[in-house]
Chemist: 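Handing you this structure, nothing more for now.
Just so you know, ligand 1 is whichever comes first in the structure, and atom 1 is the first atom listed for that ligand. Since we're looking at a predicted model, the values are computed, not measured.
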Amino acid sequence: MLRKAECSSQALDVPVSQAQRIRLLLREGVIAAQMLVLVSWLLIHVVLYERATSVAAWGPLLISAALALLQTYAQSDRIWRFSGLAFVLVVMVGFKLLFTEYPLLHQRFSLPLTVLAVVGASLLIRGSWDYLVVAVLTWVLIQPYVNGESDDRYFLGLFVVFSISLGWINSRTYIRALENTLDIERYYRNLSETDHLTALYNRRALMERLETFVATRAGGFFMMIDVDDFKSVNDRFGHGVGDEVLRVLAERLKAMAVGHCVGRLGGEEFGVILDTCDARKACALAQQMLDAVRECREAPVPFTFSAGLAPFAPGQDISEILIHADRNLYKAKRAGKDRVHPGTQDSHSRQ
Ligand SMILES: Nc1nc2c(ncn2[C@@H]2O[C@H](COP(=O)(O)OP(=O)(O)OP(=O)(O)O)[C@@H](O)[C@H]2O)c(=O)[nH]1
């Protein structure tokens, strides 16, 4: 299994839980189902039964509308689950009040309504136990009409068992399918964003983070890193040792750049998005990374890198930032390698 791309910047990658994603995917369907229930409720009470002034009609309607709104805007999973569950129960309490007032209606429609509610609720409720609680409570609350004959009671029992089982199967199948889809999506997103050798972000993913960073932050620094004389490492010690050097460098950068974002641009080139607008801090951090690499004992052979820093301002063009960092990296190489060439807003504007 591919390791997840490593980015130490929390703010750039706000984690979205699977529960949150499922809520977002279900949102539209849940809103549509709730609207349907509320409109049906209005039609039954106001048009069919002319109960426009009845508290028993408006009370459950208003409470269930409030619960629907709560579920639509719920941020926490607990509130989302609770409001969906409560919505179904409040609607059923509303019907119970209606049936108490109109016994004939209870006789004719309580059974199909309960079956419909128990099966339909499977969309509004995520979680097997939540669903079972609502389904059982719905049957207990409505207690559909049956005459005293044993055949009728036998059939009612079948309806109870089958409707709950069907709703439960629907709910499980639906949520499992969503979970599987999200797992597959996460796997392939990881695959497309991760550098296979170092498990850092690959170039595309790092550039996406840089775009987000430039669009949302007050500024920062981009650090372009290139291993010195890497060709000779490969030539003298073999490609395997070269790979190990890259892996060790990735580990070092990751450990040093906590709170920032690291990726491999390709070959022996790496990039770090530094979450600071302070040029002195950025230079100090870059220098610390270089020192840490120089002193690194895990590497199969000693190695160093050169780096160029480029400051960026909000909304700046990404290619401009990369060109600037690359120029400074080139200057560091020309000045004798094993060093960081700082970039400042002033030096940038002079380019
Ligand atoms: N082991 C290994 N080598 C790689 C990888 N990607 C690129 N290279 C090698 O990296 C070397 C880069 O060499 P050059 O671009 O000449 O740079 P250099 O030798 O580091 O020289 P300076 O940049 O001037 O310090 C090439 O020999 C590539 O084959 C990789 O994934 N693994």
Side-chain angles (χ1 to χ4, degrees), residues 1-8 188-210 221-257 260-274 282-283 285-310 318-343 347-348 351:
M1 188 76 175
L2 191 88
R3 281 180 290 165
K4 191 186 180 314
E6 312 272 359
C7 176
S8 38
Y188 282 107
R189 190 178 333 112
N190 242 353
L191 201 65
S192 72
E193 292 193 328
T194 308
D195 172 58
H196 72 283
L197 181 70
T198 60
L200 293 178
Y201 278 135
N202 60 22
R203 185 184 189 99
R204 194 175 61 80
L206 187 67
M207 290 304 102
E208 273 176 16
R209 266 86 196 156
L210 183 58
F221 278 79
F222 186 73
M223 178 180 177
M224 196 180 278
I225 294 171
D226 186 286
V227 181
D228 294 327
D229 304 315
F230 191 58
K231 187 174 179 323
S232 76
V233 173
N234 274 335
D235 292 347
R236 286 171 62 203
F237 305 103
H239 223 76
V241 170
D243 282 356
E244 191 51 28
V245 165
L246 295 178
R247 269 194 288 264
V248 169
L249 173 59
E251 285 300 320
R252 281 276 136 168
L253 294 177
K254 220 161 57 186
M256 299 294 298
H260 310 279
C261 194
V262 188
R264 184 180 176 200
L265 294 171
E268 83 291 19
E269 269 193 2
F270 293 77
V272 186
I273 306 168
L274 295 174
C283 281
L285 186 58
Q287 193 57 48
Q288 279 165 19
M289 289 183 199
L290 183 55
D291 293 341
V293 164
R294 278 200 207 109
E295 290 154 16
C296 173
R297 287 172 202 277
E298 300 96 71
V301 291
F303 70 100
T304 57
F305 68 73
S306 303
L309 281 172
I318 300 297
S319 56
E320 223 177 84
I321 301 167
L322 294 182
I323 290 170
H324 188 193
D326 193 41
R327 268 187 204 146
N328 285 343
L329 169 61
Y330 182 66
K331 286 177 189 166
K333 290 271 182 189
R334 268 208 322 201
K337 304 185 183 178
D338 188 14
R339 69 197 61 216
V340 177
H341 191 285
S347 78
H348 170 63
Q351 301 284 329

Chemist: Quick check on contacts: which atoms of ligand 1 are under 4.0 angstrom from a heavy atom of Leu246?
Modeler: 30 (C), 31 (O), 32 (N)
Chemist: Can you name the side chain to side chain contact (heavy atoms under 4.5 Å, CB included) partners of Ile318, sequence neighbours left out?
Modeler: Met207, Leu210, Glu211, Val214, Ile321, Leu322
Chemist: With a 4.0 Å cut-off on N to O distance, would you call Glu251 and Arg247 a salt bridge?
Modeler: no
Chemist: Can you report which non-hydrogen protein atom sits closest to atom 22 (P) of ligand 1, along with the distance?
Modeler: Lys333 NZ, 3.5 Å
Chemist: Are any of the N/O atoms on Val227, whether in the backbone or the side chain, positioned under 3.5 angstrom from an N/O atom of ligand 1?
Modeler: yes
Chemist: Against heavy atoms of Gly242, which atoms of ligand 1 measure under 4.0 Å?
Modeler: 1 (N)
Chemist: Can you name the side chain to side chain contact (heavy atoms under 4.5 Å, CB included) partners of Ala307, sequence neighbours left out?
Modeler: Met223, Ile225, Phe305, Val340
Chemist: For Gly267, is there any backbone N or O sitting under 3.5 Å from a side-chain donor or acceptor partner on Arg264?
Modeler: yes
Chemist: Counting heavy atoms only, name the option from Tyr330, Phe230, Phe303, Phe237 that's nearest to atom 11 (C) of ligand 1.
Modeler: Phe230
Chemist: Ser232 versus ligand 1: do any nitrogen or oxygen atoms come within less than 3.5 Å of each other?
Modeler: no
Chemist: Against heavy atoms of Gly267, which atoms of ligand 1 measure under 4.0 Å?
Modeler: 6 (N), 7 (C)
Chemist: So which protein heavy atom does atom 5 (C) of ligand 1 come closest to, and at what separation?
Modeler: Arg264 NH2, 4.0 Å
Chemist: Which atoms from ligand 1 have a heavy atom of Lys337 less than 4.0 Å away?
Modeler: 22 (P), 24 (O), 25 (O)
Chemist: Hey, is Glu295 close enough to Arg252 for a salt bridge, meaning N to O under 4.0 Å?
Modeler: no
Chemist: Could you tell me which non-hydrogen atom of His239 sits nearest to which non-hydrogen atom of Asn234, and how far apart they are?
Modeler: CA-OD1, 3.6 Å
Chemist: Tell me which part of Asn234 gets within contact of ligand 1: side chain, backbone, both or neither, using heavy atoms under 4.0 Å.
Modeler: side chain
Chemist: Any N or O on Lys231 sitting closer than 3.5 Å to an N or O of ligand 1?
Modeler: yes
Chemist: How far is atom 25 (O) of ligand 1 from the closest protein heavy atom, and which atom is that?
Modeler: Asp229 N, 2.8 Å
Chemist: Evaluating non-hydrogen atoms only, which member of Arg334, Glu268, His239, His196 is closest to atom 14 (P) of ligand 1?
Modeler: Glu268
Chemist: Quick one: look up the protein heavy atom nearest atom 32 (N) of ligand 1 and list residue, atom name and how far away it is.
Modeler: Asp243 OD1, 2.7 Å
Chemist: Does the side chain of Asp229 pick up a donor-acceptor pair with the side chain of Ser232 at under 3.5 Å?
Modeler: no
Chemist: Out of all atoms in ligand 1, which are within 4.0 Å of some heavy atom of Asp226? Include the element for each.
Modeler: 23 (O)
Chemist: Any donor-acceptor pair under 3.5 Å linking the side chain of Asn202 with the backbone of Ser192?
Modeler: yes
Chemist: Would Glu244 count as a contact residue for ligand 1, given that I'm defining contact as a non-hydrogen atom of the residue lying under 4.0 Å from a ligand atom?
Modeler: no
Chemist: Please examine the side chains of Thr304 and Lys337, heavy atoms only from C-beta on, and report whether any two atoms are closer than 4.5 Å.
Modeler: no
Chemist: Please determine whether a side-chain nitrogen of the Lys or Arg among Lys333 and Asp228 lies less than 4.0 Å from a carboxylate oxygen of the Asp or Glu.
Modeler: yes
